[in-house]
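The structure appears below as structure tokens.
In what follows, chains are A, B, ... by sequence order, proteins preceding strands, each numbered from 1. Keep in mind the model is a prediction, meaning the values are calculated, not measured.
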Number of protein chains: 2
Amino acid sequence: MSLNETNSAIQDADFADDLNIGDIERPAERAYQGIRRAILKGILPSGAHLREEALAQMTGTSRTPVREALRRVVAEGLARADNRHRYVSDFSFKEVSIVFDIRIRLESFAARVAAENITDSELAELDHILAEIDRIENVGQPAATERFAELNSRFHNTIIKATRSMQMQTLSAQAVSLPLEVIKQFVWEQTVNIAQSNDQHRVIVTALKQRNPDWAENAMAGHILSTKPHRPSIMPRG
Amino acid sequence: MSLNETNSAIQDADFADDLNIGDIERPAERAYQGIRRAILKGILPSGAHLREEALAQMTGTSRTPVREALRRVVAEGLARADNRHRYVSDFSFKEVSIVFDIRIRLESFAARVAAENITDSELAELDHILAEIDRIENVGQPAATERFAELNSRFHNTIIKATRSMQMQTLSAQAVSLPLEVIKQFVWEQTVNIAQSNDQHRVIVTALKQRNPDWAENAMAGHILSTKPHRPSIMPRG
DNA sequence: CACACAATATTTGTATACAAAGTCATGTCG
DNA sequence: CGACATGACTTTGTATACAAATATTGTGTG
């Protein structure tokens, strides 16, 4: 039953506007962004069967790029693979909460390793990001939140890259992408405090500049912990 | 230069024997196993350009399943994606070492969560695996090592599944697959101690049975730590 | 001889046709 | 009436042809 509903929900309407993929040229990227946004916006609800042909129509591409997109979406945890089929993951409070706990362990370790390997130019890059975040105005407006999301992503990625480990980058990318998306969508709107966040960023950078692994690890753990949602009520479907 | 060598290396010879994929029917699986084994056996050396057509010939399939296999191989960390191309990862001591440090944090957290969620039937399953490992004979022979690798995998996966978190399973699968392969290939042959390992397994199961998260976490961390290679000399290419 | 640039070859990206596997409904027989 | 075989239908898997992008080679010119 619910599968049919999902099917028709995709096929009956034109979601190009909702998905904002009108100007994306490359089919692979179109398909990926389209599916990702459809999941995050709830157009494709938890448990929905992700049919290749229907998604190809939805995103205006063919099945080939859709299949590649589905692999990415599954790898990121937004969908799960079961036998030959794929279904939208559930983002219950419990699941999101656990991913944050994983991030705390993963990224704080990354900060530790980064403290021993980061270059001066990377530290300068971090300083630059801090300054950019300080310059954000109209706090609370969607545009400001979007801008912060982008800079915040760059901040965390710069530190992960500073570990000089390809494996660390691969694993972190997966652990970080889901919570960052979910946060942006459901949590930040209500609770993000840019100034407070940047204070914590500054502490982390100071620890990195002093090449102090213990401090860097602790500061990063505290930072992520402070962004972890702790009330089930602010979560969407769970 | 080295790219050409790689190319001809793939095309000139028939590696079907070396790769042991002769009896795998499904092309997707053939391609995946073939590429994976070629990387682990060193037929495809670190940094080698993974060309789709060449790999399709090597594995006796077409480019479509090869592309899917490449995604998996990249997701597992055996290869890295760069622009539109893919290259064999390097498994330097530093990289392998860092993945073990990540596993320590990830899996010990999994054991903590599992202690609070594991079912009686899963505990029985763990007991069964312990008994099977105890039954392994001819320790030191390849067949025994292979059998232990399989049971060890099941042991760790059972605990990860006991967390009841899909996200935990997805992330762990990626963090665990690489080191387990590398261990089997390069480390265990020389250092694995099945009896000692199973002693540690038993401690973990006891902690889980008592639903003691702290103990379970600590025991798992110690177990993985004990399997982490600590001498660069036993690693292959790094 | 170095360099720019065009022609060519190689490699990946995309679409599509067809095959295989699985699902579901229908109808027949015990 | 129910179990089960059967066949149509749906969905994913695979191969391949073609397009686009990128790298390489060769050639001419300053």
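- Spacing between atom CD of Glu29(B) and atom P of dG13(D) amounts to 12 Å, rounded to whole angstrom units.
- Between Arg147(A) and Glu150(A) there is a salt bridge, since at least one side-chain N of the basic residue sits less than 4.0 Å from a carboxylate O of the acidic one.
- Following rounding to the nearest Å, Glu53(B) (CD) and dA15(D) (P) show an atom-to-atom distance of 11 Å.
- The side chain of His49(B) contributes an N or O atom lying less than 4.0 Å from OP1 or OP2 of dT12(C).
- Remark on DNA chain C: of its neighbouring residues Asn83(A) and Ala28(A), the 5'-side contact belongs to Ala28(A), judged by nearest-heavy-atom nucleotide.
- Taking atom CG on Asp82(A) and atom P on dT11(D), their separation rounds to 16 Å, with Å as the unit.
- In this model, the phosphate group of dG13(D) is not approached by any side-chain N or O of His85(A) to a distance below 4.0 Å at OP1 or OP2.
- Distance Glu52(B) CD to dT16(D) P: 15 Å, rounded to the nearest Å.
- Counting any heavy atom pair closer than 4.0 Å across all strands shown, Leu70(B) reaches no nucleic acid atom.
- For Arg51(B), whose side chain is taken as the heavy atoms from C-beta onward, the closest listed nucleotide among dA21(C), dG13(C), dT11(C) is dT11(C).
- Remark: Ser62(A) is in phosphate contact with dA15(C), judged by side-chain N or O atoms under 4.0 Å from OP1 or OP2.
- Taking atom OH of Tyr87(A) as the reference point, atom C1' of dT11(D) lies 10 Å away to the nearest angstrom.
- The pair Glu52(A)-Arg86(A) counts as a salt bridge, with a side-chain nitrogen and a carboxylate oxygen less than 4.0 angstrom apart.
- Distances from the side chain of Arg26(B) to the nucleotides dG13(D), dT14(D), dT12(C) place dT14(D) closest.
- A donor and an acceptor atom, one from each side chain of Ser89(A) and Glu95(A), are nowhere located under 3.5 Å apart.
- Between Lys161(A) and Glu122(A) there is no salt bridge, since no side-chain nitrogen of the basic residue lies less than 4.0 Å from a carboxylate oxygen of the acidic one.
- Picking from dT11(C), dT12(D), dC18(D) the nucleotide with the shortest atom distance to the side chain of Arg63(B) gives dC18(D).
- Thr61(A) and Thr59(A) share a side-chain donor-acceptor pair at under 3.5 Å.
- When rounded to the nearest whole Å, the span between CZ of Arg30(A) and C1' of dG13(C) equals 16 Å.
- Nearest-nucleotide assignment on DNA chain C puts the 5′-proximal partner with Thr64(B), out of Thr64(B) and Arg84(A).
- Atom CZ in Arg67(A) sits roughly 14 Å away from atom P in dA15(C) (whole-Å rounding).
- Between Leu50(A) atom CG and dG13(D) atom P there is a gap of 13 Å when expressed in whole angstrom units.
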